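Written below as structure tokens is the structure these notes are about.
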Amino acid sequence: MELRQLRYFVAVAEERHFGRAAVRLHMAQPPLSQAIRRLEEELGVELLHRTTRRVELSDAGTAYLSRARAILAGVDDAGHLARRVAAGAVGHLTIGCVGSATYSLLPALARRLAVDLPGVDFSFRGEMLVPDEVRALLTGEIDIALLRPPVADTSLAVTTLRRDRLVVAVPSDSPLAQRAQIRVSDLQDAGLIVHSAGRRSVMYDVVVRLFRDAGVEPRIRHEVGETSTLITLVAAGLGVAVVPEPVTALALEGVVYRRLVRPAKTVELALAHQAQRNEPHLVRTVELIRGLM
């Protein structure tokens with residue numbers, strides 16, 4: 001049995017006339033009649049009651065019509081799905097984000113993905129440290145990471161999206177809050193709140209290097225795993241923090257942000273994924289994220 005036989009039968013059953021069905025199918029009537037007869041012979045049942053003027057369905061034909069329509073609809077749906085998958089419009093992806101991207105980029109990104117790729121099921125993991133993101137990429141726990149380089153693993157494709165300036169988060173009642181901009185040397189007596197060194201945070205290394213390059217030994221008071229916790233401790237008056245500018249999207253009462261100068265410094269935000277992966281929905285998502293920057 002071939003799909004065309006089902007299509008022929010459905011056309012005749014719906015038109016109740018071989019001539020009209022032949023016109024609908026863009027074919028001559030005799031081959032259509034022969035195809036339906038062969039179908040009945042193959043099934044061993046009479047599907048149609050034929051008269052000189054009209055064609056009526058037998059009980060077997062009525063039952064067969066319902067299933068034939070379902071089969072043809074399933075075939076059409078399968079083709080539609082295959083085309084959507086090939087176009088990158090269907091699938092599932094998990095995106096991991098460092099803390100600063102969680103607050104500044106993720107809300108707009110999630111909205112844009114929902115509009116542009118509604119057939120892709122996205123899930124998100126925020127507040128990830130870079131080493132955790134790299135491990136999750138390698139194990140397949142996440143598919144795409146928004147992170148802060150450097151990334152040493154050469155099996156990952158890493159693309160810089162933008163460079164973010166560093167700013168200082170200070171308690172709003174601190175004398176430092178009265179300044180429009182802050183130098184590293186202004187922080188030599190301030191207690192620092194930093195991301196965890198034990199978890200090999202990229203921002204920990206950035207901040208420590210920033211201070212030492214300016215000839216100031218950092219006085220680290222607290223180490224935390226999440227950016228939200230870091231800013232919360234600043235709001236509590238427990239110290240200051242040097243963070244990428246997008247963290248200013250995390251507005252908490254008791255915290256103000258001031259530009260860092262002398263030296264001014266930027267840090268990269270990059271997109272990473274396994275280099276060998278080229279599924280259409282992943283490729284389209286990567287292209288969309290790059291276009292947002």
Side-chain angles (χ1 to χ4, degrees), residues 1-95 109-125 136-144 155 157 273-289:
M1 186 180 299
E2 299 177 4
L3 283 177
R4 63 184 178 86
Q5 291 177 286
L6 295 183
R7 298 190 190 279
Y8 291 171
F9 169 72
V10 170
V12 174
E14 291 178 347
E15 296 293 341
R16 296 294 201 272
H17 193 278
F18 277 95
R20 290 194 297 270
V23 172
R24 170 174 158 180
L25 294 167
H26 306 289
M27 63 185 299
Q29 182 175 332
L32 175 60
S33 299
Q34 294 169 9
I36 298 300
R37 184 65 70 186
R38 284 194 297 272
L39 177 61
E40 291 176 314
E41 292 173 354
E42 186 174 338
L43 294 173
V45 298
E46 184 181 53
L47 299 173
L48 303 170
H49 297 312
R50 300 160 176 81
T51 68
T52 55
R53 293 185 177 182
R54 190 169 176 82
V55 174
E56 296 293 343
L57 286 166
S58 66
D59 290 343
T62 299
Y64 195 72
L65 175 61
S66 176
R67 293 299 181 90
R69 283 171 169 163
I71 290 170
L72 292 174
V75 170
D76 291 342
D77 287 345
H80 180 61
L81 176 61
R83 287 188 290 272
R84 293 182 68 208
V85 170
V90 176
H92 173 81
L93 292 173
T94 300
I95 300 176
L109 174 60
R111 286 193 296 269
R112 182 66 177 273
L113 291 174
V115 171
D116 288 10
L117 296 174
V120 179
D121 178 25
F122 289 99
S123 56
F124 303 92
R125 289 187 55 189
L137 284 173
L138 296 177
T139 61
E141 186 179 345
I142 65 174
D143 305 289
I144 294 172
S155 69
H273 60 87
Q274 290 188 32
Q276 78 274 15
R277 292 188 57 181
N278 59 0
E279 301 96 311
H281 64 299
L282 185 144
V283 172
R284 282 197 64 182
T285 301
V286 167
E287 291 174 348
L288 190 151
I289 294 174

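On a predicted model such as this, the values are computed, not experimentally measured, just so you know. Note that these values count all heavy atoms, side chains included, but never hydrogens, waters or copies made by symmetry.
- Taking CG of L282 as the reference point, atom CD of Q274 lies at 9.5 Å (rounded to 0.5 Å).
- Closest approach of L57 and H49 over heavy atoms only: O-CD2, 4.1 Å.
- Interatomic distance, R7 CZ to E2 CD, rounded to the nearest 0.5 Å: 12.0 Å.
- Annotation: side chain of H281 is not in contact with side chain of L117 (no heavy-atom distance under 4.5 Å).
- Separation of atoms CZ (R69) and CZ (F9) is listed at 9.0 Å; rounding is to 0.5 Å.
- Between the CZ atom in R277 and the CG atom in L93 there is a gap of 6.5 Å [rounded to 0.5 Å].
- With contacts defined as side-chain heavy-atom distances shorter than 4.5 Å, the pair L48/E40 qualifies.
- A distance of 10.5 Å separates CD of Q34 from CD of Q29, quoted to the nearest 0.5 Å.
- A heavy-atom distance below 4.5 Å is found between the side chains of F122 and T285.
- E287 contributes atom CD, which lies 12.0 Å from atom CG of D116 (distance to the nearest 0.5 angstrom).
- In this structure, the side chains of V120 and L113 stay at 4.5 Å or more apart for every pair of heavy atoms.
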Steps toward side chain to side chain contact (heavy atoms under 4.5 Å, CB included) verdict (V283, V286): CA-CA 5 Å; V283 172; V286 167; 5.8 Å; no
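- Of all heavy-atom pairs between H92 and D143, the closest is O-OD2, 4.1 Å.
- By the 4.5 Å heavy-atom criterion applied to side chains, V45 and Y64 are not counted as neighbours.
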Start with the C-alpha gap between R50 and I36, add the side-chain angles, then the distance that decides, and say whether side chain to side chain contact (heavy atoms under 4.5 Å, CB included) holds. CA-CA 12 Å; R50 300 160 176 81; I36 298 300; 3.6 Å; yes
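- With hydrogens and angles disregarded, no donor-acceptor distance shorter than 3.5 Å links the side chain of T94 to the backbone of F124.
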